[in-house]
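Notes follow the structure.
Computed from a predicted model, the values in this text were never measured in an experiment. Every chain is numbered from 1 and lettered A, B, ... according to where its sequence line falls, protein lines coming before strand lines.
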Amino acid sequence: MTETKPITYAWAINHAIDEEMQRDPTVFLIGQDVGRMGGVFGLTRGLFDKYGAERVRDVSIVEHLVVGGAVGAAIGGMRPIAEVQFADFLLLAGDESFHKMAKWRYMHGGRLTVPMVVRAPCGIQGGVGAEHSQSPEAHYWHTPGVKIAVPSNPADAKGLLKSAIRDDNPVIYFENRRLYRNKGVVDPDPELLVPFGQGTVAREGTDVTIVAWSAMVPAALEAAEILEREQVSVEVVDPRTLVPFDMETVAASVRKTSRLLVLHEASLTAGPGAEIAARAADELFELLDAPVKRLAGTDNPIPQNMALEPFCYPQTDEIVSTVRDLAKW
Amino acid sequence: MTETKPITYAWAINHAIDEEMQRDPTVFLIGQDVGRMGGVFGLTRGLFDKYGAERVRDVSIVEHLVVGGAVGAAIGGMRPIAEVQFADFLLLAGDESFHKMAKWRYMHGGRLTVPMVVRAPCGIQGGVGAEHSQSPEAHYWHTPGVKIAVPSNPADAKGLLKSAIRDDNPVIYFENRRLYRNKGVVDPDPELLVPFGQGTVAREGTDVTIVAWSAMVPAALEAAEILEREQVSVEVVDPRTLVPFDMETVAASVRKTSRLLVLHEASLTAGPGAEIAARAADELFELLDAPVKRLAGTDNPIPQNMALEPFCYPQTDEIVSTVRDLAKW
Amino acid sequence: MTAVSSDTRVTDERGMLLRLYREIARGRALEDVVHQLVQERSFRGFFHPGRGQEGVQAAVCAALERDDYLLYAHRGLTYLTAKGMDPVEILGDFHGRVVGSTRGLGAGTVHCVDPELGIMGQGGTLGSSFTLSAGLAMASKSLGQTKVACAFFGDGASARGTFLEAGVTAKAWGLPVVWVCENNGWAVSARVQDVQGTSDIAPRARALGFHTQVVDGQDALAVYEAAREAVTQARNGVPAFIEAKTQRIDGHYTGDMQPYRDRDEVAAAKARDPLDLAGARLTELGEDPAALAQIREEARAEMTAADAAARQSPFPDGSRIHEGLWA
Amino acid sequence: MTAVSSDTRVTDERGMLLRLYREIARGRALEDVVHQLVQERSFRGFFHPGRGQEGVQAAVCAALERDDYLLYAHRGLTYLTAKGMDPVEILGDFHGRVVGSTRGLGAGTVHCVDPELGIMGQGGTLGSSFTLSAGLAMASKSLGQTKVACAFFGDGASARGTFLEAGVTAKAWGLPVVWVCENNGWAVSARVQDVQGTSDIAPRARALGFHTQVVDGQDALAVYEAAREAVTQARNGVPAFIEAKTQRIDGHYTGDMQPYRDRDEVAAAKARDPLDLAGARLTELGEDPAALAQIREEARAEMTAADAAARQSPFPDGSRIHEGLWA
Ligand SMILES: Cc1ncc(C[n+]2csc(CCOP(=O)(O)OP(=O)(O)O)c2C)c(N)n1
Ligand SMILES: Cc1ncc(C[n+]2csc(CCOP(=O)(O)OP(=O)(O)O)c2C)c(N)n1
Ligand SMILES: [Mg+2]
Ligand SMILES: [Mg+2]
């Protein structure tokens, strides 16, 4: 059966979980409403009926337990997929995510392993306000011991999640809610994994490199289309994972373009783009013909008023004008 | 009475609290062992006897309550100084620090104020391991709505803490445990405040700029001494606060030196230095004659074996050699 | 801690019930307007209907003084109107207009604010009110005020660790908190028994030494009496807890069809609608049904007018996002 | 959940007490070596002495099977030795040598590990064992194992929110956890009554539906019987809780002179030393005091030899910090 019909990012996630649960009986889901309801965003639909309450575990409002319990289950031989309803809530389990999940193995001499995934729906959408809209990627990038996936399309969503589940290290998997309904063709081969630490060039170009991931990739591609009409050729690099980070693909691109824009949805200051820009300013210094630019979310909590959301993260027109200016250097 | 005898960083903190509690009856302390014991590091000695149990509040092991309770007390008209025993523990109060303290005002239309300080003893010292050694500055720098102080000497420790207590915004005050016994002359004038957002040049120089704060300032100064003997002239800029960040003083220095090293104790990747390097790579691009360098903590949790601690954060010899290389550009 | 009189029985049952009836009707009428906004897509966020739980909210707020602190919850809006908030400001928040209490930043179920009335906002991460209410109570005590800090929350939020941390501290310090658990038996699709191993929340408060009451949340008068008692205890330095057994009639959010829930249970919940129950009792006490209809009609008219007024207000412009972060 | 026999009374009191006596003596002898290391500055971190609490630790571990999970606490080391850990590895961790269980990374009071024995480490942020033990118990159950997950913690840690979150979940799922609260009345300088408004921790576990026992922690045999009962309950799907009322004889850490504490209280604690109490009872049961002295001497010799062996091991070099982060 070759499935060539495009599927959504949401279904790609569902399929990845389903296939891995099928393959490995130690994989299980834990989170609020993941069971009978199939997830507040419908991502885990069908799994409860298929695998039962022991493998699709509904919990109360206990984020500490969701993450800390997953750590315990992981060192006990299971492969938990923990879901927080919004990525922001992962910060509620601060001890469990920053100290336990990331450090338990290392603190104990490397003698225990913590194979677990946290699924963290992120992104600004739907008027859910300051505590339900964040993309706290930087907090965890600054946490040695955690891998981070940031898929931008259905194929990567599936392949990266499968890799994450099979990884023996803790992985935070940021799934952007604005991408859930985006469709793409996904190879149905259940052994097709997307490796961590391998970026892709989502679009080739010669004048300016944009590094973008997650929901910023479609935005960057849209901007690139517009810029093409103005004879500005944009290359879009999608690192796909932040940890490990594929600097080589970025470097290869900047070698061509000599100009770099880092684009992300999380707020600008001390955000994930800072690390990439800082590495460029060091490692790619001699390749650069222009300042390294960052375009990112504004430095404020996200208001609950939906009409204000577009002002809080980079819109296509801003990307276009930033690249246009950068190309002039 | 003019007090010109040098006092320690620890006592400077104690004096700042004491003076502000004296001045303003709404200022109070809350934390574990801050009362009868005078703090696990002795920082709050004498205050319980002077101000009593209502203003120096011992709590159980309730970091959520320490920070969240402080937020509540602050919007209720008090000026809490909340102490976590180690800065790492602030991450336990993830919701309370990232979402409540930082956002409560903004989320409610700017109609409430959250005047509070969190004192967070940070830094690598004493074999206390992975969960008691962090400097989680970057996590909060990436959190709009929080100010951050990072004093490097007794005078700044006092002046910044007093400013923090009087500030109507939440402030995290990172006090480095390695600095507690360092001495310096502190002007006893109780109205002498150190303003936020105003860096200082801790040492003038012409070849290389080092941006350093907290316990990295003494290390940078030591390295600068050594480098001077090799005819390398180092300027050390101490921003003193990360939020707001005084980029102007950094820019002025780089205008002279054209070379920048950012130095910090927190782990390198996506650390606070990334933001400074990224801003330099953008705003100071045309001034730079060399790659922007970062020298920082290693990307691993801090082992409990004290003998391994020096390998985890920049030592003087590494600073010297990094600057030496940078000066050659 | 002084001795507390527990004589909180209501002498004028009919008068009090009428007052509560009016507040329930107002809260419900406001909610009906919000449903309208959802339908016409003037409000596109999540709304968590409070139908079935208005009696708890109205009654507890009736037992509070004007300046007592309130941290409400996400389910419905009766807390807000019963505490005195202007519905124009509430609806302004739903519309995302500058007349809203957040001055255009917007608020769906949470973040409405009115410092003058002690309405100190609400967090979107449930369970944050435990620590914040303890802090407010601490401030009240330290400043020599008599205010209590009242926090509402659901059975689900009662599992959050903050409950314990704030609870032991509130008890240790004799803080004037009144914690009100609206136990509707569900957290989204999770039955409390299934995910917490018990249907009863009160024992965990009692274990910490709180003054603890369990009350039928559909009986507004009973809730009022319990709340009076709780507020008195709290003002005297005994943290107080009320578990109101109540019912969520609608879905978790507007649009949730509750496939996970038994139809009979929903029907049973509807049969114990607090507005109907209060109305029936009032009729028993001699109240004219027409007078009750009149109250409901006034409530509808008030909220319709409030909506019209809110719609007069302009939308903020994009720069609004940069305002109000720093004091 | 099947019916549980509660016949956990010990038939061979003398034999069991002798075993516990030996374990208490071993834990104490190991601790004496650590005090030595602190004194000579071979170990310069914080050590939290367990003197006075060894009976609880020895007795609970005696009720565990070899492969049951253990998350110990920071106070003393008797948990570790009683669960079977090699003192050379423990001391290797204190010395920061590669023979240590963390292979040179070092561990003071916490982070010793022995996966073979179910010793799954310990966190330095207290209260993290509640959620981790629940997770371990979940794994045991899911994998069809019979292991229980035993977690030790103090009265102070019992205030952490994780207690509640893990507790409701453990109850809901019938997880085989055994939670043991060593209630010594103090958290550093804070008296539990002052900061938690109660001296009793058990009620909060009982409120969640745990099988709950309160026991005299100075009476090792009583703790053993309670632990047997608790382990049986847990294996049958009833989460179990033991509050052992115990005494901290020494300061919070080695060097803490306890100025905040009443001298009489410390003297009273010393008078109920679990080693002495067990010894006295054994003598009553006919045991020769010389045999007891012999046990203590053997323990001392064992730990002295372990220290000598640990000192033979090399220190790691600096590159050790880069190993073991990633699997
Ligand atoms: C900390 C946190 N976790 C999860 C959510 C998502 N969420 C919103 S409402 C809700 C259910 C709340 O249940 P309960 O406390 O019983 O209140 P009810 O909705 O029944 O009134 C959940 C899980 C949240 N807002 N905050
Ligand atoms: C989350 C957290 N907060 C604070 C500390 C600092 N600390 C270490 S031991 C201790 C007291 C612990 O008291 P208790 O749980 O009663 O155990 P005991 O020391 O009495 O055995 C504290 C506060 C910590 N390690 N972790
Ligand atoms: Mg509920
Ligand atoms: Mg204790």
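With chain B as partner, the option from A/G129, A/A93, A/G145, A/A270 having the largest number of non-hydrogen pairs under 4.5 angstrom is A/A270. Chosen from A/E96, A/Q304, A/K103, the residue pairing most often with chain B at heavy-atom distances under 4.5 Å is A/K103. Annotation: maximal heavy-atom pairing with chain A below 4.5 Å, among B/E283, B/R294, B/K293, B/E63, occurs at B/R294. Between chain A and the residues B/P272, B/A278, B/G94, B/G273, the largest count of heavy-atom pairs under 4.5 Å involves B/A278. Among A/A280, A/P144, A/G109, the residue with the largest count of heavy-atom pairs under 4.5 Å with chain B is A/P144.
The structure places NE2 of B/H64 at 8.0 Å from CG of A/L92, a figure rounded to the nearest 0.5 Å.
Looking at every heavy atom in both residues, A/A281 comes nearest to B/A277 through CB-O, 4.4 Å. Looking at every heavy atom in both residues, A/Y106 comes nearest to B/P303 through OH-CG, 3.8 Å. Heavy atoms only, all atoms of each residue included: A/D88 and B/H99 are closest at O-NE2, 2.9 Å. Contact record, A/E275 with B/L268: OE1-O, 4.0 Å, taken as the closest heavy-atom pair.
Within the 4.5 angstrom heavy-atom criterion, only side-chain atoms of A/T143, from C-beta onward, approach chain B. Only the backbone of A/A290 comes within less than 4.5 Å of a heavy atom in chain B; its side chain stays farther off. For A/Q134, the part lying under 4.5 angstrom from a heavy atom of chain B is the side chain only. Using a 4.5 Å cut-off between heavy atoms, B/D289 contacts chain A through its backbone alone, with no side-chain atom that close. For chain B, the nearby part of A/E286 is the side chain; its heavy atoms alone come within less than 4.5 Å.
Taking the six-membered ring for Trp and thresholds of 30 and 60 degrees, B/F285 and A/W329 have ring planes more than 60 degrees apart, a perpendicular arrangement.
Although no hydrogens or angles enter the test, the distance criterion places no donor-acceptor pair under 3.5 Å between the side chain of B/H142 and the main chain of A/A266.
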Check the pair B/E131, A/K100 against side-chain contact (heavy atoms from CB on, under 4.5 Å), reporting the backbone distance first and the verdict last. CA-CA 9 Å; B/E131 300 147 311; A/K100 299 292 149 301; 2.6 Å; yes
Before you tell me yes or no, could you show the steps for B/T269 and A/W141 under side-chain contact (heavy atoms from CB on, under 4.5 Å), namely the whole-Å CA-CA distance, both residues' side-chain angles and the distance that decides it to 0.1 Å? CA-CA 7 Å; B/T269 300; A/W141 200 354; 3.4 Å; yes
